[in-house]
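Working notes for the structure below.
Just so we're clear, the structure is a prediction, and the values are computed from it rather than from any experiment. Atoms within each ligand, like the ligands themselves, are counted from 1 in listed order.
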Amino acid sequence: MDQSKIGRFIAERRKAQGMTQMQLAERLGITDRAVSKWETGRSMPDSSVMLELCGMLKITVNDLLCGEAVSMENYKDRTEENLLEMVRAKETADRRLLSLEVVSGVVSVLFLFAMIAVGTVFMTMGQPLWMFFVPVAAGMIQFIAVALYALRIEQVAGYYVCAKCGHRYVPTYRSVSMAMHMGRTRYMKCPECGRWSWQKKSVSRE
Ligand SMILES: [Zn+2]
């Protein structure tokens, strides 16, 4: 998707409807800064406002994603291109999230150990007991926070694949957090066939 082309198209359609950036922003309930960022190609409209935006600009979502009014004869091809590209964009974003999970996990464990080391040094210096527990508690709290965040990433990034029937799905946070796991492979019940299996994580839909 060509973000700057889409931006120019949004600006052109907004002007055609006789609206300023401010007016469009107000009607969408967002800031005019956000509109300005779309129009200069620095960001894309969020999926939550996309339909409403297209309604106001009197275009289809397909037109918006192409950055031009799509003619009827190649409408289907362009729709498919856009869909494919969105799937690819989601896969890339999911891969990034999963690497972020690894990096933040490592940093978090290092921080926890550092805090335990700090507490231990205080203890050997004959400081009161709370001087040990405060840094250790700080380390533990951040570790738990990062772990919960990592779990959320594992839930939403990509899909779990049922080992029995091959069904791909995004599980609930509850089933991910309760499941036994080895690395990212989790023992869960498939919502499609109802059988339990060790389900692998996959970023691709196929
Ligand atoms: Zn299944």
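- Contact of the L100 side chain with the Y149 side chain is registered, since non-hydrogen atoms from C-beta on lie closer than 4.5 Å.
- Salt-bridge check for R78 with E81: passed, with a basic side-chain N closer than 4.0 Å to an acidic carboxylate O.
- Residue pairs that meet the side-chain hydrogen bond (donor to acceptor under 3.5 Å, both in side chains) test with at least one member in residues 92-108, sequence neighbours left out, are K90-D94, E101-R184, S108-Q142.
- In this model, no donor atom of one side chain and acceptor atom of the other lie less than 3.5 Å apart for T60 and N62.
- A salt bridge does not link E154 to K201: none of the charged nitrogens lies less than 4.0 Å from a carboxylate oxygen.
- No side-chain N or O of R174 forms a donor-acceptor pair with one of T172 less than 3.5 Å apart.
- For the Zn ion (ligand 1), protein N/O/S neighbours under 2.8 Å (waters excluded) are C162 SG, C165 SG, C190 SG, C193 SG.
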